[in-house]
Amino acid sequence: ISLQVMISSIFLKLIGLDSIYNENVLMIKGSKPVEIMQGCNFFEHLHKFLFFFISFPAKKKRMYKYISICLIYLSFIQILRIISFSICLKYFPSYWNVFHFNSSYLFYYPGTLTLWYFYSLKPNVNTSKS
């Protein structure tokens with residue numbers, strides 16, 4: 001989490017926002033800080049994202065490829081989610097509760113469902129003609 005918060009802070013600075021971070025706390029100057037808790041990332045829900053890849057019939061190589069892509073996607077999206085939390089607290093603090101509650105649906109699920117869709121296009125089902 002500390003690495004993701006640090007990368008989020010760097011990105012905020014690149015887009016011109018003065019951010020400060022300390023381990024798992026990030027804030028844009030002049031706003032409330034956001035603390036990224038240990039359970040507040042995709043690892044808590046990782047089984048939901050990866051179970052489909054493991055349970056769907058496919059070759060092991062293809063399964064590991066999609067699991068790797070999913071993990072990279074979720075890591076990248078977690079950084080964007082942290083950035084969006086800071087921006088929300090700076091510019092839209094009255095929407096914090098709604099945004100925080102729904103953020104996993106906005107960030108994690110669209111890409112994961114897209115990966116599931118492409119993964120399911122080529123099932124590894126043996127169809128032998130008799």
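When a residue number appears, it is its place in the shown sequence, counting from 1.
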Please confirm whether the ring centroid of Phe92 lies under 6.0 Å from the ring centroid of Phe99.
no
*So Lys65 and Ile69, side-chain contact (heavy atoms from CB on, under 4.5 Å) or not? Walk me through it.*
CA-CA 6 Å; Lys65 174 186 157 187; Ile69 292 169; 4.0 Å; yes
Neighbour count >12 (heavy atoms, 6.0 Å) for atom OH, Tyr73:
yes
Original post:
Below 6.0 angstrom between ring centroids: does that apply to Trp96 and Phe85?
Top reply: yes
Do Phe56 and Trp116 come close enough that some side-chain heavy atom pair is under 4.5 Å?
no
Nearest heavy-atom approach of Val5 to Val25 is CG1-O, 3.8 Å
Is Ser9 reaching over with its side chain to a backbone N or O of Met6, donor-acceptor style, under 3.5 angstrom? no
In terms of heavy-atom contacts, Leu89 and Ser31 come closest through O-CB, 3.9 Å
query: Does the Asn24 side chain pair with the main chain of Ile36, one donor and one acceptor, at a distance under 3.5 Å?
result: yes
>> For the backbone of Lys29 and the side chain of Lys90, can you confirm whether one donor and one acceptor N or O come within less than 3.5 Å of each other?
In response: yes
Which is it for Thr112 and Leu74 under the side-chain contact (heavy atoms from CB on, under 4.5 Å) test, yes or no, and what are the steps along the way? CA-CA 8 Å; Thr112 304; Leu74 292 171; 3.9 Å; yes
Please determine whether side chain to side chain donor-acceptor pair (under 3.5 Å) holds for the pair Arg62 and Tyr119, giving the CA-CA distance in whole Å, both sets of side-chain angles, and the decisive distance to 0.1 Å.
CA-CA 8 Å; Arg62 188 161 188 271; Tyr119 185 68; 5.3 Å; no
- Message: Hydrophobic clusters here meaning ILVMFWY residues chained together by side-chain heavy-atom distances under 4.5 Å, can you tell me if Ile1 and Phe11 are in one?
- Response: yes
Note: Ile77 and Tyr108 closest approach over all heavy atoms is CG2-CD2, 3.8 Å
Tyr105 meets the ring-ring contact (aromatic ring centres under 6.0 Å, His included) criterion, sequence neighbours left out, with Tyr109
Looking only at heavy atoms, the pair that brings Gln4 and Gln78 closest together is OE1-CG, 3.2 Å
Exercise for the section: Given side-chain contact (heavy atoms from CB on, under 4.5 Å), test Leu12 with Ile87 step by step and report yes or no. Expected result: CA-CA 9 Å; Leu12 285 169; Ile87 291 172; 4.1 Å; yes
**Test side-chain contact (heavy atoms from CB on, under 4.5 Å) applied to Ile82 and Leu26, step by step** = CA-CA 8 Å; Ile82 293 169; Leu26 177 67; 3.6 Å; yes
Scanning both residues in full, the closest heavy-atom pair of Tyr66 with Leu115 reads CE2-O, 3.8 Å
